[in-house]
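Just below is one structure, and these are the notes that go with it.
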Amino acid sequence: MKNNRAIFPGSFDPITLGHVDIVNRALDLFDEIIIAVGTNADKKYMFDAEQRFAFIQETFKNVSKIKIMSYTGLTIDFAKEINVNFILRGLRNPADFEFEKAIAQTNRKLSGIETVFLLTSASTSFISSSIVRDIHRHHGDISELVPEALMKLIQKK
Ligand code: ADP
């Protein structure tokens, strides 16, 4: 039987319940999901690469079909390097669609790698990492927007 693996790339600054929803639903479609934490030298992050990775690791620590990796550079290059044929992305709204469409078509043209989109669940569609960062920066409560594992890690500090 075919072993279908997908990479779920993103900044995850930080991981939210929206990301968790997409990953959990994609578990029914793929044999393995590699959550790929990207670092782009031109981007400023609230949480550094290690923290972003640790939040995800703690969130999915009991799920054997999920692997977490860090990468820099082009997502398609990383996908090829680890021999993955699908990119997983979530769609929340028309703005996501327009943006993702251009990237997915370019990626397919350059590499043949298909992007698989899952539509956000109604209950998490409003959640974005940038809003979570804003609330957190101003010491607001993000506990209903992010995984419990992340809350535990940031409260430990
Ligand atoms: P990037 O900087 O690559 O967009 P993000 O961490 O912001 O990285 O997002 C990674 C993926 O998760 C994207 O496909 C994004 O559309 C999706 N995503 C983010 N928030 C949600 C949400 N609330 N519901 C569904 N998908 C989401």
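These figures come from a predicted structure and were not determined experimentally. Both ligands and their constituent atoms are indexed starting at 1 by order of listing.
- In this structure a side-chain-to-backbone donor-acceptor pair under 3.5 Å is present from S129 to P14.
- Aromatic ring orientation, F86 versus F30: tilted (interplanar angle from 30° to 60°).
- Heavy-atom separations between R52 and ligand 1 are all 4.0 Å or longer.
- Nearest heavy-atom pair, V37 versus S11, reported as atom, atom and distance to 0.1 Å: CG1-O, 4.1 Å.
- Checked against a 3.5 angstrom limit, the closest N/O atoms of S125 and ligand 1 fall outside it.
- With a 4.0 Å heavy-atom cut-off, ligand 1 is reached by no atom of L118.
- Considering only non-hydrogen protein atoms, atom 7 (O) of ligand 1 sits nearest to H19 NE2, 4.2 Å.
- Those atoms of ligand 1 with a heavy atom of F8 less than 4.0 angstrom away are 11 (C), 12 (O).
- Not a single heavy atom of F126 lies less than 4.0 angstrom from ligand 1.
- Protein heavy atom at the shortest distance from atom 6 (O) of ligand 1 is F12 N, 3.0 Å.
- Remark: minimum distance from atom 2 (O) of ligand 1 to any protein heavy atom is reached at S11 OG, 2.6 Å.
- For ligand 1, the atoms sitting less than 4.0 Å from at least one non-hydrogen atom of T120 are 24 (N), 25 (C), numbered in the order shown with element in parentheses.
- The shortest separation from a heavy atom of P9 to ligand 1 is under 4.0 Å, placing the residue in contact.
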Begin from the C-alpha positions of T39 and R52 and carry the test side chain to side chain donor-acceptor pair (under 3.5 Å) through to its verdict. CA-CA 10 Å; T39 295; R52 289 182 280 132; 3.1 Å; yes
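- Nearest protein heavy-atom neighbour of atom 26 (N) of ligand 1: I22 CG1, 3.5 Å.
- Against a heavy-atom cut-off of under 4.0 Å, D96 is close to the following atoms of ligand 1: 16 (O).
- Distance from atom 21 (C) of ligand 1 to its nearest protein heavy atom, with residue and atom name: R92 CD, 3.5 Å.
- Short contacts between ligand 1 and T124, defined as distances under 4.0 Å to a heavy atom of the residue, involve ligand atoms 22 (C), 23 (N).
- Comparing R25, K43, R89, E100 against atom 4 (O) of ligand 1, the shortest heavy-atom distance belongs to R89.
- In terms of protein heavy atoms, atom 15 (C) of ligand 1 is closest to G90 O, 3.8 Å.
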